[in-house]
Amino acid sequence: MRPNVQFLIMPIVHEAIHAPEFAPGEWLNAPPLSLAYLRGGVVLVDFWDYSCVNCLRTLPYLQAWWERYRALGFTLIGVHTPEFSFARQTSNVQAAVERLGITYPVLLDHEHRTWQAWANRYWPAKYLLDTRGVIRYFHFGEGNYTEIETAIQHLLRDIAPDAVLPPPLALLRPSDAPDTVCYHATPELYLGYQRGRLANPEPINPNTVTQYRGHPVEVFDQAYLEGAWHCGAEGVTVAGDAAAITVRYHAKEVNLVAMPPTGVIGLLAIEQDGHPLTRESCGADAQIMGKEAVVHLDTPRMYQLVVNPSYGTHELRLQFNTPGVSAYVLTFITDCLAQQQTEEQAA
């Protein structure tokens, strides 16, 4: 699961807890590695999934740390443990690694064997190991980037005490600062019957096509289906010519994990508050075509649909115009106040 809070800070570990060895699996960007082989260096292990929004938001920091410190005895290992079945396919992960510009080693943990050996429960999760393979620090979720980098530098000084280390990276987003106060955001909404909860009065019929009627959107933070949908364990699949998902949400940004049918580019149209999504609110994967805001679903991944100018409450309608498109989860990103704004409001 992903952490229930955006930032979950864990302390530096002082007990000698040795990290479990990696389970066998395919590797990207490197030959197979082991913790025994890496003994003597500093290792950061990051459990992630390429469709997880929280993981994606940490990647720029991870890539930068790899480039900054790899020559000093630092190794970064991304353990890719899939949340959805499509991410068990090596080709999908390989394409994501290339698209995201990841150059550090990635272990494909398709069967969750390393995840289980480490008793991990979160995406993303970071574990920092010293030269003996002892876990010295761990952190679940986003945030705490300066503290993580400072911990990396502290351990590297045991290897290269005379090395000139740079100041920690500047924070990439205001929300990454530890002194920010964030607005409440709609929690992630899973759509499959294993973890999903729909607002429709019609029942969820596992592994069956159900015709959902349109209903007034009265409940916040739950998804309404409309049209014919096949309800699977992980997500729902468009079973007719067209179908829709509607949700009333609190957030600044909205993302969707979706998968098109093999060899087909799916088409998704976006409306917000009863009108086509405006250009200023289009996410990175949305574009204006004629009078509509649309997203072309070309590969199984997370799509950034909406980035509003500011946090707010809205009604979002997603019109799927391609049979066979699957939708898995909607995720929402809030907006935060800087410490100065918080102090001004308090005054």
Side-chain angles (χ1 to χ4, degrees), residues 2-3 5-22 30 33-49 52 54-81 102-107 114-115 117-180 339:
R2 299 163 187 171
V5 292
Q6 186 175 11
F7 307 119
L8 179 54
I9 298 173
M10 291 297 176
I12 292 176
V13 177
H14 298 287
E15 298 180 9
I17 303 174
H18 285 83
E21 189 54 85
F22 300 128
L33 297 172
S34 69
L35 290 179
Y37 174 80
L38 296 172
R39 195 71 52 83
V42 175
V43 180
L44 180 65
V45 176
D46 176 62
F47 285 87
W48 72 296
D49 174 275
C52 165
N54 306 107
C55 300
L56 296 177
R57 286 165 59 86
T58 68
L59 290 183
Y61 292 99
L62 292 168
Q63 181 65 33
W65 295 337
W66 169 243
E67 294 170 2
R68 279 184 157 202
Y69 303 118
R70 59 181 297 188
L72 299 175
F74 172 73
T75 303
L76 171 58
I77 305 294
V79 179
H80 185 274
T81 310
I102 295 171
T103 61
Y104 51 82
V106 174
L107 167 61
T114 296
W115 172 283
W118 285 61
N120 186 57
R121 295 294 179 269
Y122 300 105
W123 293 277
K126 297 171 180 61
Y127 300 86
L128 182 62
L129 283 54
D130 66 14
T131 56
R132 300 171 297 155
V134 172
I135 299 174
R136 295 288 298 277
Y137 177 97
F138 58 98
H139 175 83
F140 303 149
E142 297 184 40
N144 229 37
Y145 301 110
T146 299
E147 182 172 304
I148 296 170
E149 186 171 3
T150 300
I152 293 171
Q153 292 186 350
H154 175 77
L155 295 181
L156 284 175
R157 291 196 182 280
D158 293 339
I159 303 174
D162 298 326
V164 178
L165 301 178
L169 290 168
L171 296 177
L172 301 179
R173 298 170 290 258
S175 61
D176 292 341
D179 58 356
T180 54
Q339 182 64 27

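Quantities reported herein were computed from a predicted structural model and do not represent experimental measurements.
- Taking CZ of R121 as the start and CZ of F140 as the end, the distance is 10.0 Å to the nearest 0.5 Å.
- Side-chain contact between T150 and Y137: absent, with no pair of heavy atoms (C-beta onward) separated by less than 4.5 Å.
- In this structure a side-chain-to-backbone donor-acceptor pair under 3.5 Å is missing from N144 to E147.
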query = Does the pair D49 and T81 meet the rule for a side-chain contact (heavy atoms from CB on, under 4.5 Å), with working shown?
reply = CA-CA 6 Å; D49 174 275; T81 310; over 6 Å; no
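- Taking the ring centroids of F47 and W118, they lie under the 6.0 Å cut-off.
- Taking every heavy atom of both residues into account, T180 and S175 meet most closely at OG1-O, 3.7 Å.
- Considering every non-hydrogen atom in both N120 and A125, the closest pair reads OD1-CB, 3.2 Å.
- Atom CZ of residue F138 and atom CG of residue L129 lie 12.5 Å apart, to the nearest 0.5 angstrom.
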Please tabulate, for the side chains in residues 33-43, all donor-acceptor contacts under 3.5 angstrom to protein atoms that are two or more places apart in sequence or on a different chain.
from : atom 1 : to   : atom 2 : distance (Å)
S34  : OG     : Y37  : N      : 3.0
R39  : NE     : R132 : O      : 3.3

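- Nearest heavy-atom pair, L169 versus A64, reported as atom, atom and distance to 0.1 Å: CD1-CB, 3.5 Å.
- For the pair H18 (side chain) and E21 (backbone), a donor-acceptor distance under 3.5 Å is absent.
- With 3.5 Å as the limit, one finds no donor-acceptor pair spanning the side chains of Y122 and N54.
- A donor-acceptor distance shorter than 3.5 angstrom exists from the side chain of R173 to the backbone of R57, with no hydrogens or angles considered.
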query = Should Y127 and D46 be marked as a side-chain hydrogen bond (donor to acceptor under 3.5 Å, both in side chains) after you check the CA-CA gap, both sets of side-chain angles, and the distance that decides it?
reply = CA-CA 7 Å; Y127 300 86; D46 176 62; over 6 Å; no
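- Under the 3.5 Å distance criterion, the side-chain polar atoms of H154 are left unmatched by any main-chain donor or acceptor of D158.
- Nearest heavy-atom pair, I148 versus K126, reported as atom, atom and distance to 0.1 Å: CD1-CD, 3.9 Å.
- Side-chain atoms of Q153 do not come within 3.5 Å of backbone N or O of P167 as any donor-acceptor pair.
- Taking each heavy atom of Y104 and Q63 in turn, the nearest pair found is CD2-OE1, 3.5 Å.
- The two residues L44 and I152 come nearest to each other via the heavy atoms CD2-CD1, 4.2 Å.
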